[in-house]
Participant: 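Submitted below is the structure of interest, expressed as structure tokens.
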Amino acid sequence: ATIENRGLIHALAGLAIGNGGRTLLCTEGDLRVDAPSVLNIFDGALELGGNTGLLGTGTLAFNGTMTVNADSDITLPATLSVSPAGIVTFNGPGTVTNLSVMTLSNDVINAEFTNGGTIVAHTTNSINGPFFNDVGGTLSVDGTGPDSFLSIAAGFSNAGEINLFGGGGWRTRLTVS
């Protein structure tokens, strides 16, 4: 079943959308999260597109096992924190541009991906499409607990900053193939 948003989903306080077995179609509508609120989307699929407005200063959290499809180019704005807290797979064919603070944990990015914000990778993650860490972008692999591994399958271009952290016996690894 599909849930189609052509208007506005506005999180003024904590809001959770249970999406298991469904697709939340937001290629024409807006998602707005006002700080300090969190919009939690649990499971299923989320379709985003060039006409999707990602608005606000809160946190957009993807939980459970989820697929986020960029039907066309999308930008995660600097004002919005993005937290793929579950096991999340990002797919194209659109390019995903991150200008926000994005924390990866057991996530896969199968789309062209440009980072102009901050990415912090914990646990095991992979970027399988073309990756560009833009000027002002920071990519951090944080192995200060637990072990953290980031695999970039298609090589990448870096014009920003890359940080590798480890400590307390935890391992950190950035693998480029």
Participant: Is there a path of hydrophobic side-chain contacts, each under 4.5 Å between heavy atoms of I, L, V, M, F, W or Y residues, that connects Ile3 with Leu54?
Facilitator: yes
Participant: Which distance, rounded to the nearest 0.5 Å, do you find between the CD1 of Ile87 and the OG of Ser105?
Facilitator: 8.5 Å
Participant: Not counting sequence neighbours, which residues clear salt bridge (charged side-chain N to carboxylate O under 4.0 Å, His left out) with Asp134? List them please.
Facilitator: none
Participant: Do you know the tightest heavy-atom contact between Pro84 and Thr103?
Facilitator: CD-O, 2.8 Å
Participant: At their closest point, which heavy atom of Glu28 faces which heavy atom of Thr52, and how far apart are they?
Facilitator: N-OG1, 4.5 Å
Participant: If you compare all heavy atoms of Gly56 against all heavy atoms of Asp34, which two are closest, and at what distance to 0.1 Å?
Facilitator: CA-OD1, 4.4 Å
Participant: Is it true that a side-chain atom of Arg171 and a backbone atom of Gly167 form a donor plus acceptor pair closer than 3.5 Å?
Facilitator: no
Participant: Going through the distances and angles, do Asp107 and Thr89 end up as a side chain to side chain contact (heavy atoms under 4.5 Å, CB included)?
Facilitator: CA-CA 6 Å; Asp107 301 309; Thr89 301; over 6 Å; no
Participant: Locate the shortest heavy-atom distance separating Pro130 from Ala154; write the atom from each residue and the value.
Facilitator: N-CB, 4.3 Å
Participant: Are any of the side-chain heavy atoms of Asn133 and Ser157 separated by less than 4.5 Å?
Facilitator: no
Participant: Could you state the interatomic distance from OG1 (Thr23) to CG (Leu46), rounded to the nearest 0.5 Å?
Facilitator: 9.0 Å
Participant: Give the minimum heavy-atom separation between Ser72 and Gly50, together with the two atoms involved.
Facilitator: OG-N, 2.6 Å
Participant: Treating Ile, Leu, Val, Met, Phe, Trp and Tyr as nodes and any side-chain heavy-atom pair under 4.5 angstrom as an edge, say whether Ile119 and Val176 lie in one connected cluster.
Facilitator: yes
Participant: Any luck finding a side-chain donor-acceptor pair between Ser100 and Asn98 under 3.5 Å?
Facilitator: yes
Participant: To the nearest 0.5 Å, what is the distance between CD1 on Ile127 and CZ on Phe132?
Facilitator: 13.5 Å
Participant: Quick check: does any side chain N or O of Asn69 sit under 3.5 Å from a backbone N or O of Asp71, one acting as donor and the other as acceptor?
Facilitator: no
Participant: Start with the C-alpha gap between Asp73 and Thr97, add the side-chain angles, then the distance that decides, and say whether side chain to side chain contact (heavy atoms under 4.5 Å, CB included) holds.
Facilitator: CA-CA 8 Å; Asp73 295 350; Thr97 299; over 6 Å; no
Participant: Could you measure the distance from the NE2 atom of His122 to the CZ atom of Phe165? Nearest 0.5 Å is fine.
Facilitator: 10.0 Å
Participant: Do the rings of Phe113 and Phe131 sit parallel, tilted or perpendicular, given the 30° and 60° boundaries?
Facilitator: parallel
Participant: Taking C-beta and beyond as the side chain, do Thr138 and Asn163 meet within less than 4.5 Å on heavy atoms?
Facilitator: yes
Participant: To the nearest 0.5 Å, what is the distance between CG on Leu174 and CG on Leu139?
Facilitator: 6.5 Å
Participant: Could you work out, with salt bridge (charged side-chain N to carboxylate O under 4.0 Å, His left out) as the rule, every residue matching Arg6, not counting sequence neighbours?
Facilitator: Glu4
Participant: Have Thr172 and Ser148 got a donor and an acceptor in their side chains that come within less than 3.5 Å?
Facilitator: no
Participant: Taking the side chain as C-beta and beyond, is there a heavy-atom pair between Val68 and Phe62 under 4.5 Å?
Facilitator: yes
Participant: Ignoring hydrogens, what is the shortest heavy-atom contact between Ala111 and Gly92? Give both atom names and the distance.
Facilitator: CB-N, 3.5 Å
Participant: Within a strict 4.5 Å, meaning less than it, do heavy atoms of the Leu76 and Met102 side chains meet?
Facilitator: yes
Participant: Do Ile41 and Ile9 share a hydrophobic cluster (ILVMFWY, side-chain heavy atoms under 4.5 Å, transitive)?
Facilitator: yes
Participant: Evaluate side chain to side chain contact (heavy atoms under 4.5 Å, CB included) for Leu99 paired with Thr75, printing each intermediate quantity in order.
Facilitator: CA-CA 7 Å; Leu99 300 177; Thr75 298; 3.6 Å; yes
Participant: With the 4.5 Å side-chain cut-off for hydrophobic clustering, are Leu24 and Met66 part of the same group?
Facilitator: yes
Participant: Considering only heavy atoms from C-beta outward, does the side chain of Asn128 approach that of Val108 to under 4.5 Å?
Facilitator: yes
Participant: Honestly curious: do Ile162 and Ile109 fall in one hydrophobic cluster under the side-chain, below-4.5 Å linking rule?
Facilitator: yes
Participant: Say whether Asp43 and Asn19, considering side chains only, have a donor N or O and an acceptor N or O under 3.5 Å apart.
Facilitator: no
Participant: Could you go through the side chain to side chain contact (heavy atoms under 4.5 Å, CB included) check for Arg173 and Val141 one step at a time?
Facilitator: CA-CA 7 Å; Arg173 184 177 331 154; Val141 182; over 6 Å; no
Participant: Please round to the nearest 0.5 Å and tell me the distance separating atom CG of Asn125 and atom CG of Leu150.
Facilitator: 6.0 Å
Participant: Without swapping roles, check the side chain of Thr57 against the backbone of Ala35 for a donor-acceptor pair under 3.5 Å.
Facilitator: yes
Participant: Do we see a donor-acceptor contact under 3.5 Å between the side chains of His10 and Asp30?
Facilitator: no
Participant: Only one of Asn5, Leu39, Leu31, Asn40 clears side-chain contact (heavy atoms from CB on, under 4.5 Å) with Ile17; which?
Facilitator: Leu39
